[in-house]
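Here is the structure we will look at.
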2 protein chains.
Amino acid sequence: MYVEIDFSSEEAIYIQLRNQIIFGIATSQLQEGDNLPSVRELADNIGINMHTVNKAYTILKQDGYLKLDRRKGAVIAIDVNKLKAIEELRANLRCILAEAICKNVSCSEIHEVVDQIFNEFERG
Amino acid sequence: MYVEIDFSSEEAIYIQLRNQIIFGIATSQLQEGDNLPSVRELADNIGINMHTVNKAYTILKQDGYLKLDRRKGAVIAIDVNKLKAIEELRANLRCILAEAICKNVSCSEIHEVVDQIFNEFERG
DNA sequence: AAACTGTTATACTTTATGTATAACAAATAT
DNA sequence: ATATTTGTTATACATAAAGTATAACAGTTT
(Lines give C-alpha, C1' and ligand atoms only; values in the text may rest on other atoms or scores of the structure.)
Protein backbone atom coordinates (compact mmCIF):
# COMPACT_ATOMS: atom_id res chain seq x y z
CA MET A 1 0.00 0.00 0.00
CA TYR A 2 1.27 3.43 -0.94
CA VAL A 3 1.13 6.35 1.43
CA GLU A 4 1.07 9.87 0.07
CA ILE A 5 1.38 12.83 2.40
CA ASP A 6 0.47 16.34 1.30
CA PHE A 7 2.85 18.54 3.24
CA SER A 8 1.10 21.71 2.10
CA SER A 9 -2.21 20.48 3.50
CA GLU A 10 -3.70 22.03 6.61
CA GLU A 11 -4.52 18.53 7.81
CA ALA A 12 -1.99 17.22 10.30
CA ILE A 13 0.40 14.59 8.95
CA TYR A 14 -0.62 12.00 11.54
CA ILE A 15 -4.27 12.51 10.58
CA GLN A 16 -3.54 12.07 6.89
CA LEU A 17 -1.62 8.91 7.70
CA ARG A 18 -4.40 7.61 9.92
CA ASN A 19 -6.99 8.25 7.20
CA GLN A 20 -4.97 6.58 4.47
CA ILE A 21 -4.59 3.45 6.52
CA ILE A 22 -8.34 3.44 7.17
CA PHE A 23 -8.88 3.85 3.41
CA GLY A 24 -6.55 0.91 2.86
CA ILE A 25 -8.66 -1.22 5.17
CA ALA A 26 -11.94 -0.05 3.64
CA THR A 27 -10.71 -0.95 0.14
CA SER A 28 -9.36 -4.31 1.36
CA GLN A 29 -5.82 -3.36 0.37
CA LEU A 30 -5.09 -3.94 4.04
CA GLN A 31 -6.68 -6.97 5.67
CA GLU A 32 -6.99 -8.49 9.11
CA GLY A 33 -3.58 -9.80 10.18
CA ASP A 34 -1.56 -7.76 7.68
CA ASN A 35 1.60 -6.15 8.97
CA LEU A 36 2.30 -2.46 8.66
CA PRO A 37 5.84 -1.12 8.45
CA SER A 38 7.50 -0.34 11.75
CA VAL A 39 7.22 3.21 13.01
CA ARG A 40 10.84 3.87 12.11
CA GLU A 41 10.68 2.27 8.67
CA LEU A 42 7.52 4.09 7.64
CA ALA A 43 8.81 7.38 9.02
CA ASP A 44 11.99 6.95 7.01
CA ASN A 45 10.00 5.91 3.96
CA ILE A 46 7.75 8.97 4.03
CA GLY A 47 10.44 11.32 5.25
CA ILE A 48 8.88 12.32 8.54
CA ASN A 49 9.64 11.80 12.20
CA MET A 50 9.12 8.52 13.97
CA HIS A 51 6.89 10.13 16.59
CA THR A 52 4.44 11.33 13.96
CA VAL A 53 3.97 7.76 12.73
CA ASN A 54 3.78 6.52 16.29
CA LYS A 55 1.00 9.00 16.99
CA ALA A 56 -0.99 7.76 14.00
CA TYR A 57 -0.51 4.12 15.05
CA THR A 58 -1.48 4.87 18.64
CA ILE A 59 -4.71 6.54 17.53
CA LEU A 60 -5.51 3.69 15.16
CA LYS A 61 -4.99 1.31 18.06
CA GLN A 62 -7.28 3.33 20.33
CA ASP A 63 -9.95 3.46 17.62
CA GLY A 64 -9.79 -0.30 17.13
CA TYR A 65 -8.02 -0.71 13.80
CA LEU A 66 -4.61 -1.98 14.88
CA LYS A 67 -2.86 -4.05 17.47
CA LEU A 68 0.66 -3.08 18.40
CA ASP A 69 2.90 -5.95 19.37
CA ARG A 70 6.58 -5.94 20.23
CA ARG A 71 6.87 -9.28 18.48
CA LYS A 72 5.06 -8.59 15.24
CA GLY A 73 5.00 -4.81 15.10
CA ALA A 74 1.81 -3.14 13.92
CA VAL A 75 -0.87 -5.56 12.75
CA ILE A 76 -4.30 -4.82 11.31
CA ALA A 77 -6.89 -5.99 13.86
CA ILE A 78 -10.39 -4.59 13.57
CA ASP A 79 -12.34 -4.33 16.77
CA VAL A 80 -15.90 -4.38 15.45
CA ASN A 81 -18.21 -2.55 17.82
CA LYS A 82 -21.06 -1.90 15.46
CA LEU A 83 -23.29 0.09 17.80
CA LYS A 84 -20.41 2.38 18.67
CA ALA A 85 -19.46 2.64 14.99
CA ILE A 86 -22.98 3.65 14.01
CA GLU A 87 -23.17 6.29 16.72
CA GLU A 88 -19.88 7.76 15.58
CA LEU A 89 -21.12 7.64 12.01
CA ARG A 90 -24.27 9.48 13.06
CA ALA A 91 -22.32 12.23 14.83
CA ASN A 92 -20.00 12.73 11.85
CA LEU A 93 -22.82 12.65 9.33
CA ARG A 94 -24.79 15.30 11.19
CA CYS A 95 -22.12 17.93 10.51
CA ILE A 96 -21.60 17.00 6.89
CA LEU A 97 -25.27 16.61 5.99
CA ALA A 98 -26.10 19.93 7.63
CA GLU A 99 -23.78 21.64 5.16
CA ALA A 100 -25.26 19.76 2.23
CA ILE A 101 -28.82 20.58 3.30
CA CYS A 102 -27.96 24.28 3.53
CA LYS A 103 -26.88 24.06 -0.09
CA ASN A 104 -30.17 22.48 -1.16
CA VAL A 105 -28.74 19.03 -1.78
CA SER A 106 -31.67 16.63 -1.68
CA CYS A 107 -31.94 13.46 0.35
CA SER A 108 -31.91 11.29 -2.77
CA GLU A 109 -28.82 13.06 -4.08
CA ILE A 110 -27.05 12.24 -0.83
CA HIS A 111 -28.08 8.60 -1.11
CA GLU A 112 -26.70 8.59 -4.62
CA VAL A 113 -23.29 9.83 -3.47
CA VAL A 114 -23.28 7.27 -0.65
CA ASP A 115 -23.86 4.47 -3.16
CA GLN A 116 -21.14 5.77 -5.46
CA ILE A 117 -18.60 5.86 -2.64
CA PHE A 118 -19.67 2.42 -1.50
CA ASN A 119 -19.02 1.06 -4.99
CA GLU A 120 -15.62 2.75 -5.12
CA PHE A 121 -14.60 0.97 -1.94
CA GLU A 122 -15.90 -2.41 -3.05
CA ARG A 123 -13.92 -2.29 -6.29
CA GLY A 124 -10.78 -1.45 -4.30
CA MET B 1 -31.01 30.78 18.22
CA TYR B 2 -28.91 29.65 21.13
CA VAL B 3 -25.20 29.10 20.86
CA GLU B 4 -23.48 26.72 23.23
CA ILE B 5 -19.71 26.47 23.27
CA ASP B 6 -17.94 23.55 24.91
CA PHE B 7 -14.72 25.06 26.22
CA SER B 8 -13.34 21.67 27.18
CA SER B 9 -13.76 20.39 23.63
CA GLU B 10 -10.74 19.81 21.39
CA GLU B 11 -12.67 21.48 18.59
CA ALA B 12 -11.68 25.11 18.09
CA ILE B 13 -14.23 27.64 19.31
CA TYR B 14 -14.58 29.29 15.91
CA ILE B 15 -15.26 25.87 14.36
CA GLN B 16 -17.94 25.05 16.94
CA LEU B 17 -19.52 28.43 16.30
CA ARG B 18 -19.37 27.94 12.53
CA ASN B 19 -20.98 24.51 12.83
CA GLN B 20 -23.78 25.68 15.10
CA ILE B 21 -24.73 28.43 12.69
CA ILE B 22 -24.76 25.89 9.85
CA PHE B 23 -26.98 23.66 12.01
CA GLY B 24 -29.24 26.64 12.58
CA ILE B 25 -29.59 27.13 8.84
CA ALA B 26 -30.11 23.42 8.18
CA THR B 27 -32.91 23.29 10.74
CA SER B 28 -34.47 26.51 9.39
CA GLN B 29 -33.97 28.26 12.73
CA LEU B 30 -31.91 30.68 10.66
CA GLN B 31 -33.31 31.72 7.30
CA GLU B 32 -32.22 33.73 4.30
CA GLY B 33 -32.08 37.40 5.27
CA ASP B 34 -31.94 36.83 9.03
CA ASN B 35 -29.52 38.95 11.00
CA LEU B 36 -26.87 37.49 13.25
CA PRO B 37 -25.59 39.38 16.27
CA SER B 38 -22.64 41.65 15.63
CA VAL B 39 -19.20 40.20 16.20
CA ARG B 40 -18.82 42.21 19.40
CA GLU B 41 -22.28 41.43 20.73
CA LEU B 42 -22.01 37.69 20.14
CA ALA B 43 -18.50 37.62 21.56
CA ASP B 44 -19.74 39.36 24.68
CA ASN B 45 -22.74 37.10 24.84
CA ILE B 46 -20.70 33.89 24.69
CA GLY B 47 -17.83 35.27 26.70
CA ILE B 48 -15.12 35.00 24.07
CA ASN B 49 -13.00 37.38 22.08
CA MET B 50 -14.35 39.40 19.17
CA HIS B 51 -11.72 38.02 16.80
CA THR B 52 -12.86 34.46 17.39
CA VAL B 53 -16.39 35.36 16.30
CA ASN B 54 -15.00 37.36 13.40
CA LYS B 55 -13.04 34.32 12.25
CA ALA B 56 -16.17 32.17 12.28
CA TYR B 57 -18.14 34.82 10.34
CA THR B 58 -15.33 35.25 7.81
CA ILE B 59 -15.21 31.51 7.15
CA LEU B 60 -18.99 31.31 6.84
CA LYS B 61 -18.79 34.16 4.34
CA GLN B 62 -16.09 32.40 2.32
CA ASP B 63 -18.11 29.18 2.33
CA GLY B 64 -21.21 30.97 1.09
CA TYR B 65 -23.47 31.07 4.13
CA LEU B 66 -23.27 34.73 5.12
CA LYS B 67 -22.93 38.21 3.73
CA LEU B 68 -21.19 40.76 5.86
CA ASP B 69 -22.42 44.29 5.47
CA ARG B 70 -21.38 47.41 7.33
CA ARG B 71 -24.99 48.58 7.18
CA LYS B 72 -26.82 45.45 8.27
CA GLY B 73 -24.08 43.46 9.99
CA ALA B 74 -23.99 39.72 9.37
CA VAL B 75 -26.91 38.42 7.30
CA ILE B 76 -27.71 34.85 6.28
CA ALA B 77 -27.24 34.60 2.51
CA ILE B 78 -26.81 31.15 1.03
CA ASP B 79 -24.76 30.96 -2.13
CA VAL B 80 -26.10 27.74 -3.63
CA ASN B 81 -23.46 26.12 -5.82
CA LYS B 82 -24.88 22.65 -5.95
CA LEU B 83 -22.13 21.00 -7.97
CA LYS B 84 -19.50 22.37 -5.61
CA ALA B 85 -21.61 21.35 -2.61
CA ILE B 86 -21.94 17.79 -3.87
CA GLU B 87 -18.21 17.49 -4.52
CA GLU B 88 -17.46 18.70 -1.00
CA LEU B 89 -20.04 16.29 0.33
CA ARG B 90 -18.38 13.46 -1.59
CA ALA B 91 -14.93 14.29 -0.21
CA ASN B 92 -16.21 14.48 3.36
CA LEU B 93 -18.30 11.33 3.05
CA ARG B 94 -15.35 9.32 1.76
CA CYS B 95 -13.51 9.69 5.06
CA ILE B 96 -16.51 8.97 7.23
CA LEU B 97 -17.83 6.04 5.22
CA ALA B 98 -14.38 4.46 5.10
CA GLU B 99 -14.44 4.26 8.89
CA ALA B 100 -17.95 2.82 8.90
CA ILE B 101 -17.08 0.21 6.27
CA CYS B 102 -14.05 -0.90 8.29
CA LYS B 103 -16.45 -1.57 11.16
CA ASN B 104 -18.74 -3.68 8.97
CA VAL B 105 -21.54 -1.14 8.80
CA SER B 106 -23.64 -2.05 5.79
CA CYS B 107 -24.71 0.22 2.98
CA SER B 108 -28.36 0.00 3.98
CA GLU B 109 -27.51 0.83 7.58
CA ILE B 110 -25.77 3.97 6.38
CA HIS B 111 -28.80 4.92 4.30
CA GLU B 112 -30.94 4.45 7.38
CA VAL B 113 -28.83 6.86 9.43
CA VAL B 114 -28.88 9.38 6.58
CA ASP B 115 -32.68 9.29 6.54
CA GLN B 116 -32.88 9.66 10.31
CA ILE B 117 -30.65 12.72 10.27
CA PHE B 118 -32.60 14.17 7.37
CA ASN B 119 -35.81 13.82 9.36
CA GLU B 120 -34.22 15.44 12.39
CA PHE B 121 -33.34 18.48 10.33
CA GLU B 122 -36.76 18.74 8.70
CA ARG B 123 -38.55 18.76 12.02
CA GLY B 124 -36.21 21.53 13.21
C1' DA C 1 25.30 -10.65 21.44
C1' DA C 2 23.17 -7.79 17.86
C1' DA C 3 19.27 -5.93 15.67
C1' DC C 4 14.65 -4.93 15.70
C1' DT C 5 10.05 -4.07 17.83
C1' DG C 6 6.79 -0.59 20.41
C1' DT C 7 7.14 2.77 24.08
C1' DT C 8 8.43 6.67 26.81
C1' DA C 9 10.96 10.89 28.01
C1' DT C 10 12.96 15.27 27.10
C1' DA C 11 13.86 19.44 24.45
C1' DC C 12 13.20 22.44 20.76
C1' DT C 13 10.88 24.98 16.70
C1' DT C 14 6.96 26.27 14.24
C1' DT C 15 2.18 26.92 13.68
C1' DA C 16 -2.64 27.44 15.29
C1' DT C 17 -5.77 29.28 18.56
C1' DG C 18 -7.42 32.66 21.54
C1' DT C 19 -7.03 37.00 23.92
C1' DA C 20 -6.20 42.06 24.28
C1' DT C 21 -5.98 46.88 22.45
C1' DA C 22 -6.32 49.87 19.02
C1' DA C 23 -7.62 52.05 15.02
C1' DC C 24 -10.12 52.84 10.34
C1' DA C 25 -14.11 53.53 7.21
C1' DA C 26 -18.85 53.24 6.26
C1' DA C 27 -23.52 53.42 7.96
C1' DT C 28 -26.93 54.57 11.34
C1' DA C 29 -29.12 56.93 15.06
C1' DT C 30 -29.65 60.76 18.07
C1' DA D 1 -23.09 67.54 13.19
C1' DT D 2 -21.99 64.18 16.73
C1' DA D 3 -21.89 59.81 18.71
C1' DT D 4 -22.50 55.05 18.11
C1' DT D 5 -22.37 50.82 15.73
C1' DT D 6 -21.02 48.08 11.88
C1' DG D 7 -17.24 44.95 9.64
C1' DT D 8 -12.33 45.10 9.00
C1' DT D 9 -7.45 45.26 9.74
C1' DA D 10 -3.14 45.51 12.41
C1' DT D 11 -0.21 44.45 16.16
C1' DA D 12 1.25 42.00 20.18
C1' DC D 13 1.09 38.40 23.44
C1' DA D 14 0.08 33.65 25.76
C1' DT D 15 -1.05 29.04 25.39
C1' DA D 16 -1.56 24.73 23.08
C1' DA D 17 -0.80 21.60 19.21
C1' DA D 18 2.17 19.57 15.73
C1' DG D 19 6.43 18.09 14.17
C1' DT D 20 11.32 17.25 14.68
C1' DA D 21 15.48 15.46 17.04
C1' DT D 22 17.99 12.41 20.34
C1' DA D 23 18.01 9.20 23.55
C1' DA D 24 16.91 5.46 26.19
C1' DC D 25 14.13 1.22 27.92
C1' DA D 26 12.06 -3.46 27.60
C1' DG D 27 10.85 -7.17 25.24
C1' DT D 28 11.49 -10.26 20.70
C1' DT D 29 13.76 -12.05 17.09
C1' DT D 30 17.71 -13.51 14.61
Side-chain angles (χ1 to χ4, degrees), chain A residues 1 3-22 30 33-79 95, chain B residues 1 3-21 30 32-79 95:
Chain A
M1 200 195 95
V3 173
E4 289 259 350
I5 300 297
D6 177 6
F7 291 99
S8 65
S9 169
E10 297 170 14
E11 206 167 31
I13 296 174
Y14 76 95
I15 298 288
Q16 290 186 52
L17 184 51
R18 181 203 100 113
N19 287 342
Q20 292 206 22
I21 290 171
I22 290 177
L30 293 173
D34 283 359
N35 272 84
L36 290 182
S38 76
V39 285
R40 290 171 179 83
E41 188 186 344
L42 185 51
D44 235 46
N45 206 324
I46 301 176
I48 60 176
N49 192 274
M50 180 198 71
H51 291 85
T52 307
V53 177
N54 194 52
K55 192 169 184 178
Y57 279 14
T58 302
I59 290 176
L60 285 165
K61 177 188 175 187
Q62 286 176 341
D63 291 347
Y65 295 97
L66 286 184
K67 278 187 180 174
L68 300 179
D69 199 320
R70 281 210 176 87
R71 303 174 281 180
K72 303 176 180 175
V75 181
I76 304 290
I78 313 293
D79 173 35
C95 289
Chain B
M1 199 194 95
V3 174
E4 289 259 350
I5 300 297
D6 177 5
F7 291 99
S8 65
S9 168
E10 297 170 14
E11 207 166 32
I13 296 174
Y14 75 95
I15 297 287
Q16 290 186 52
L17 185 51
R18 182 203 99 113
N19 286 342
Q20 293 207 21
I21 290 170
L30 294 174
E32 188 84 14
D34 283 359
N35 272 83
L36 290 182
S38 76
V39 286
R40 289 171 178 84
E41 188 186 345
L42 185 52
D44 235 48
N45 207 325
I46 301 175
I48 59 176
N49 192 274
M50 180 198 71
H51 291 85
T52 307
V53 177
N54 194 52
K55 192 169 185 179
Y57 279 14
T58 302
I59 290 175
L60 285 165
K61 177 188 175 187
Q62 286 175 341
D63 291 346
Y65 295 98
L66 286 184
K67 279 189 179 173
L68 300 179
D69 198 321
R70 280 208 176 86
R71 304 173 280 181
K72 303 177 180 176
V75 181
I76 304 290
I78 313 293
D79 172 35
C95 289

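Side-chain atoms are counted along with the backbone in the values below, which use heavy atoms only and exclude waters and symmetry mates. The structure presented is a predicted model; accordingly, all values stated were derived computationally and were not measured. Chain A is the first sequence line, chain B the second, and so forth, proteins listed ahead of strands; every chain is numbered from 1.
- Between P37(B) and L42(B), the shortest heavy-atom contact is CB-CB, 3.9 Å.
- One atom, CD1 of I5(B), and another, P of dT19(C), lie 10 Å apart when rounded to the nearest Å.
- A close approach under 4.0 Å does not occur between any side-chain nitrogen or oxygen of S38(B) and OP1 or OP2 of dT5(D).
- When rounded to the nearest whole Å, the span between OH of Y14(B) and C1' of dA16(D) equals 14 Å.
- Within the nucleic acid shown, D69(B) comes within 4.0 Å of sugar-phosphate atoms alone, with no base atom in reach, counting heavy atoms only.
- When each of G47(A) and M50(A) is assigned the nucleotide of DNA chain D bearing its nearest heavy atom, the one mapping closer to the 5' terminus is G47(A).
- In the set dT8(D), dG6(C), dT5(C), dT5(C) carries the atom at the smallest distance from any side-chain atom of E41(A).
- Using a 4.0 Å heavy-atom distance criterion, K72(B) is classed as making no nucleic acid contact.
- Nearest heavy atom pair, residue V3(A) against residue Q20(A), reads CA-OE1, 3.5 Å.
- Counting distance only, with no hydrogens placed and no angle test, the side-chain atoms of R40(B) and the base atoms of dT8(D) include a donor-acceptor pair under 3.5 Å.
- No donor-acceptor contact under 3.5 Å links the side chain of H51(B) to the base of dT8(D).
- L30(A) pairs with exactly one of I78(A), I22(A), N35(A), I21(A) by the side-chain contact (heavy atoms from CB on, under 4.5 Å) rule, that one being I21(A).
- Summarising the geometry, the separation between CD on E11(B) and P on dA17(D) is reported as 14 Å, rounded to the nearest angstrom.
- For the pair D63(A)/R18(A), a side-chain contact is recorded, criterion being any heavy-atom separation below 4.5 Å from C-beta on.
- Atom P of nucleotide dT5(C) and atom CG of L36(A) are separated by 13 Å, given to the nearest angstrom.
- Atom P of nucleotide dT9(D) and atom NZ of K55(B) are separated by 14 Å, given to the nearest angstrom.
- dG19(D) atom P lies 8 Å from atom CD1 of I48(A), rounded to whole Å.
- A side-chain contact (heavy atoms from CB on, under 4.5 Å) with T52(A) holds for exactly one of I5(A), L17(A), I13(A); it is I13(A).
- Whole-Å rounding puts the N54(A) CG to dT22(D) C1' distance at 15 Å.
- K67(A) comes within 4.0 angstrom of no nucleic acid atom, judged by non-hydrogen atoms across all strands.
- Atom CZ in F7(B) sits about 16 Å away from atom C1' in dA16(D), given to the nearest Å.
- Remark: T52(A) is in phosphate contact with dT20(D), judged by side-chain N or O atoms under 4.0 Å from OP1 or OP2.
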